[in-house]
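No experiment lies behind these values; they were computed from the predicted model shown. Because only heavy atoms are used, hydrogens play no part in the values below, and waters and symmetry mates are left out as well, while side chains stay in.
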Amino acid sequence: IIVEPAPAATPVPSATPSQVLNFETRNIGTTFEVEPVISADGQYIDINLSPEQVQLLGFETPPDAGKTESTLTQEPTKDNAGRPVFYTMKVTTSITLHTGQHMLIAVHKAAQPEGYIEIFIIGAEIVTVDK
């Protein structure tokens, strides 16, 4: 999916086509996909899982004429929408757990805020319900 950035709070009257960028839409935040399958004896769970953390670091503005380095800002500028820059941490794995067992799945060290760590621990518990 290709979308154009949302217009700024104040319109940019002098924007030229070269200043309008197209970019892919991304979900930001934490996503944790889990697909469990219980064994025939009901004692084990096979789990396919994929924890993911996506952060928006800011917006990269192309370098000015005659310069070689782009700049990263927290907000798009009024002169240029900027290209969004993302930081992604993802693990995809399959495990088998016995009922009552816990396991560390992933440790994600975030880019922002500095020193922030996200830990994913999963626990398996098979509960039978009498009807």
Side-chain angles (χ1 to χ4, degrees):
I1 299 173
I2 303 296
V3 297
E4 291 184 5
T10 55
V12 181
S14 62
T16 63
S18 65
Q19 291 174 313
V20 178
L21 301 175
N22 292 329
F23 52 88
E24 187 176 331
T25 300
R26 297 281 309 263
N27 292 324
I28 58 173
T30 302
T31 308
F32 195 25
E33 296 178 20
V34 179
E35 181 184 325
V37 177
I38 299 174
S39 65
D41 65 2
Q43 294 299 308
Y44 295 91
I45 304 174
D46 293 321
I47 307 170
N48 296 318
L49 45 87
S50 183
E52 179 179 32
Q53 172 70 3
V54 179
Q55 293 179 314
L56 174 63
L57 297 181
F59 297 87
E60 182 180 44
T61 303
D64 293 330
K67 294 188 179 179
T68 58
E69 292 185 18
S70 58
T71 57
L72 186 65
T73 60
Q74 293 303 309
E75 298 290 332
T77 64
K78 71 175 190 170
D79 296 328
N80 194 318
R83 180 183 65 89
V85 177
F86 296 97
Y87 181 77
T88 302
M89 301 161 284
K90 184 174 184 174
V91 173
T92 300
T93 190
S94 297
I95 60 172
T96 299
L97 296 178
H98 189 273
T99 186
Q101 185 179 1
H102 293 78
M103 183 176 283
L104 174 65
I105 302 302
V107 177
H108 292 166
K109 183 178 179 184
Q112 298 171 352
E114 188 175 323
Y116 182 81
I117 296 175
E118 197 169 52
I119 298 172
F120 292 87
I121 300 173
I122 192 166
E125 190 69 40
I126 299 173
V127 179
T128 57
V129 178
D130 295 326
K131 292 185 179 183

Smallest separation among heavy atoms of G100 and H102, with atom names =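 Heavy atoms only, the tightest pair is O-ND1, 3.5 Å.
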
*Kindly give the heavy-atom pair with the smallest separation between Q55 and A110, and that separation in Å.*
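For Q55 versus A110, the nearest heavy atoms are NE2-CB, 3.5 Å.
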
| message | Within this structure, what is the CD-CD distance for the pair Q53 and E118, rounded to the nearest 0.5 Å? | response |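 Between atom CD of Q53 and atom CD of E118 there are 4.5 Å.
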
| message | Quick check for you: to the nearest 0.5 Å, what is the distance between D46 atom CG and T96 atom OG1? | response |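 One gets 3.5 Å once the value is rounded to the nearest 0.5 Å.
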
Determine whether [X] and [Y] make a side-chain contact, defined as any pair of heavy atoms from C-beta on separated by less than 4.5 Å.
X	Y	value
I28	F86	yes
V85	L56	no
R26	T88	yes

With [X] via side chain to side chain donor-acceptor pair (under 3.5 Å) - residues at least two apart:
X	answer
T92	S50
E52	none
T99	none

(request) Treating Ile, Leu, Val, Met, Phe, Trp and Tyr as nodes and any side-chain heavy-atom pair under 4.5 angstrom as an edge, say whether M89 and I117 lie in one connected cluster. (result)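 M89 does not cluster with I117.
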
Under 4.5 Å between side-chain heavy atoms, chaining through other members, with only Ile, Leu, Val, Met, Phe, Trp and Tyr counted: pull out the rest of the cluster around [X], sorted by chain and number.
X	answer
V37	none
I47	F32, V34, I38, I45, L49, I95, L97, M103, I105, F120, I122, I126
Y116	none

